[in-house]
Amino acid sequence: MSQSISTKPPSGMRDFLAADVQRRRHVLAIVQRVYESFGFVPLETPTIENLTTLLGKYGPEGDQLLYRLLHRRDKLRRALDEGLQAGALDELGLADEGLRYDLTVPLARVVANYKDLPAFYKRYQIQPVWRADRPAKGRFREFYQCDVDITGSQSMVADAEVAGAIATVLEQLGFADFRILLNHRELLRALVAEAGIEAERESSALIALDKLDKIGVDGVRKELGEKGIAEAAAGALFAGLDAMREPGALERLAAGQGAGANGARELLELLAAAAGSPAGRHLTFDPTLARGLSYYTGPIFEVQVDDLAGSMGGGGRYDGLIGMFQKQPVPAVGFSLGLERVLLVMEQRGMFPDLGIGPQLLLCRMAGVSAADAVGTATALRAAGLRVELFADEAPMKKQLAYANTLGAPFVGILGPQEVEQGVLALKDLRSGEQVAVPVAEVAGRVQGA
RNA sequence: GUGGCUAUAGCUCAGUUGGUUAGAGCACCAGAUUGUGGUUCUGGGGGUCGCGGGUUCAAAUCCCGUUAGCCACCCCA
């Protein structure tokens with residue numbers, strides 16, 4: 001009976017055992033330290049948000065992937081009864097809450113809700129988010145995002161700062177080879193419009209364009225055709241793209257009066273500001289970069305490394321999002337790092353330093369030693385700064401030592417009647433096998449010095 | 001959402017053209033004289049071969065279905 005219950009976590013979600021947790025904490029500690037060094041302050045928001053907060057912010061694809069929470073008890077029964085009578089059940093009748101899909105929309109809600117926040121609110125947020133997606137390598141249904149955002153500023157310095165924070169984190173983690181791809185929503189819009197593509201086909205054209213480096217010109221051409229975009233328009237799109245790739249293209253565009261002039265000027269400002277930060281050497285203008293989330297309005301970013309199919313992070317400017325929660329629009333820009341993507345690449349590349357886990361010393365108790373003496377010795381060793389595990393059961397010495405091996409503890413301290421009497425501990429180095437009697441007060445120094 | 005692959009012990013897998021009580025390594029437990037591990041030796045527990053149906057004298061093995069997982073796309077962090 002009980003055997004038929006699956007003991008695996010739900011699809012796309014994971015348990016983290018000690019070694020996993022240590023690696024995650026190692027990365028998170030660096031992320032947090034760097035974010036705080038940039039002056040960002042922490043924020044945590046609820047796991048659950050109202051569906052009215054979440055819906056309509058991410059585009060149709062995003063709405064699809066939202067986890068919804070079904071009404072409970074009476075509310076559900078009433079909704080079903082009424083729905084069946086009316087002949088239709090609409091979505092908000094069944095659910096009015098959902099799991100957080102990202103950290104940006106909750107931030108926008110918070111900014112609109114607390115009017116006394118600083119004019120330039122720089123917050124960081126490290127929390128899990130949920131997407132009802134099909135899991136794959138590096139893609140989970142529950143995953144952590146590490147966001148930094150600045151609200152209230154239209155300056156490209158803000159954009160450069162969030163990119164700088166991300167670049168600093170990655171460099172401090174040991175990455176040297178990442179690229180921060182950069183583009184601008186207005187440039188994309190101008191590109192598509194000038195190619196003569198209808199406004200309603202804009203997003204599908206951009207999605208096709210985004211795949212250029214993967215499926216090539218012919219592949220994109222084919223996909224554009226399938227989306228109902230005329231061959232002439234596709235040709236014009238590629239021509240515009242080629243022009244954008246030429247050296248000095250951004251400068252020429254910025255100098256002109258065309259549709260993309262403002263976007264080009266902003267990118268140049270951003271690049272100029274970032275020249276003073278670690279982001280400078282990683283930022284790469286990529287006119288094909290599109291990004292799916294619909295709330296972006298200005299510069300957009302994506303972090304790439306060669307050995308990861310997806311991105312390690314992404315972000316951009318979203319000057320319209322907070323205005324969806326209040327009358328007054330507030331400009332904002334942010335960047336998000338995907339913790340598990342970072343971990344995946346670090347694991348593949350063996351980038352983790354030796355992260356000490358578990359006890360440094362296993363205290364073994366022999367027959368004839370009181371529990372109080374054993375606990376007291378462990379307490380003294382801990383007070384001296386050691387990580388100490390006390391073998392709880394009464395067991396033969398060989399069993400206790402074998403257990404120390406499975407723990408990976410470098411030392412055991414053996415406490416027998418003799419040792420108690422003399423106020424010492426038989427300290428054994430498990431790697432060398434050497435064993436010496438050491439006064440309890442000196443054990444910590446010995447172990448830490450080893 | 002599309003395509004492909006896999007499913008046998010806690011883990012990694014073997015199982016020959018269908019043929020008797022389904023195996024190995026690792027892990028776990030117990031012993032090899034009573035304060036001492038890692039190596040070695042011996043023994044032990046643990047599987048209705050993902051689930052359901054079919055073919056057959058006989059199915060882990062062949063067929064169909066189903067579920068789960070993995071990989072590549074799509075999309076994303």
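From a predicted model like this one, the values you see are computed outputs, not experimental measurements. Below, all heavy atoms of this structure are taken into account, side chains as well, without hydrogens, waters or symmetry copies. To find a chain, count down the sequence lines: A is the first, B the second, and so on, and within it residues start at 1.
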Ring-face cation of A:R185 near A:Y296 (centre distance under 6.0 Å, axis angle within 45°): no
Atom-to-atom span, OH of A:Y58 to C1' of B:rC75 - whole angstrom: 16 Å
Pairing annotation in dot-bracket form, given for RNA chain B with Watson-Crick or G-U pairs under 3.5 Å and | for cross-strand partners: (((((((..((((.....[...)))).(((((.......))))).....(((((..]....))))))))))))....
Distance, P atom - from B:rG18 to B:rC62, rounded to whole angstrom: 8 Å
Lys NZ or Arg CZ of A:R24 over A:F16 ring: under 6.0 Å, within 45°: yes
Separation of the P atoms in B:rU8 and B:rG69, to the nearest angstrom: 14 Å
Salt-bridge criterion met for A:E97 and A:R68 (N-O under 4.0 Å): no
Among A:L427, A:I414, A:D429, side-chain contact (heavy atoms from CB on, under 4.5 Å) partner for A:Q435: A:I414
Atom pair distance, as rounded to whole Å: CD in A:E142 and C1' in B:rA77: 14 Å
Per-nucleotide protein contact string for nucleotides 25-40 of chain B, where B marks a base within reach and S marks sugar-phosphate only (heavy atoms under 4.0 Å, - for neither): ---S-S----BBBB--
Gap between atoms OH and C1', on A:Y67 and B:rC76 respectively (whole Å): 14 Å
B:rG23 and B:rG15, which share atom name C1', separated by this distance in whole Å: 7 Å
Sugar-phosphate, base or nothing in reach of A:G310, heavy atoms under 4.0 Å: base
A:H282: partners by ring pair (Phe, Tyr, Trp, His ring centres under 6.0 Å), with sequence neighbours left out: A:F178
Close residues, residues 127-134 of chain A, relative to RNA chain B [heavy-atom separation under 4.0 Å]: A:R131, A:R134
Comparing A:P9 and A:M312 on RNA chain B - which has the more 5′ nearest nucleotide: A:P9
Interatomic distance at C1', B:rU20 relative to B:rA32, whole Å: 37 Å
Contacts of type side chain to side chain donor-acceptor pair (under 3.5 Å), residue A:R14, not counting sequence neighbours: A:E340
C1' gap between B:rA22 and B:rC13, integer Å: 14 Å
P atoms of B:rA77 and B:rC64, separation to the nearest Å: 41 Å
Between B:rC75 (C1') and A:Y296 (OH): distance, integer Å: 14 Å
Presence of salt bridge, A:D319 and A:R317, under 4.0 angstrom: yes
OP1 or OP2 of B:rG69 under 4.0 Å from side-chain N/O of A:S11: yes
Non-hydrogen atoms of A:V412 and A:L361 that approach each other most closely: C-CG, 4.2 Å
Closest non-hydrogen atom pair between A:G62 and A:Y101, with its separation: CA-OH, 3.6 Å
Euclidean distance for C1', B:rC11 against B:rU2 (whole angstrom): 33 Å
Separation of the P atoms in B:rC71 and B:rU55, to the nearest angstrom: 38 Å
For A:F391, ring pair (Phe, Tyr, Trp, His ring centres under 6.0 Å) partners two or more places apart: A:Y403
Reference residue A:L43; test side-chain contact (heavy atoms from CB on, under 4.5 Å); the match among A:L107, A:L117, A:I126: A:L107
Length of the CG-P vector between A:L66 and B:rC75, whole Å: 19 Å
Touch class at under 4.0 angstrom, heavy-atom based, for A:Y144 against every strand present: nothing
Test: A:K122 cationic atom under 6.0 Å from A:F40 six-membered ring centre, within 45° of axis: yes
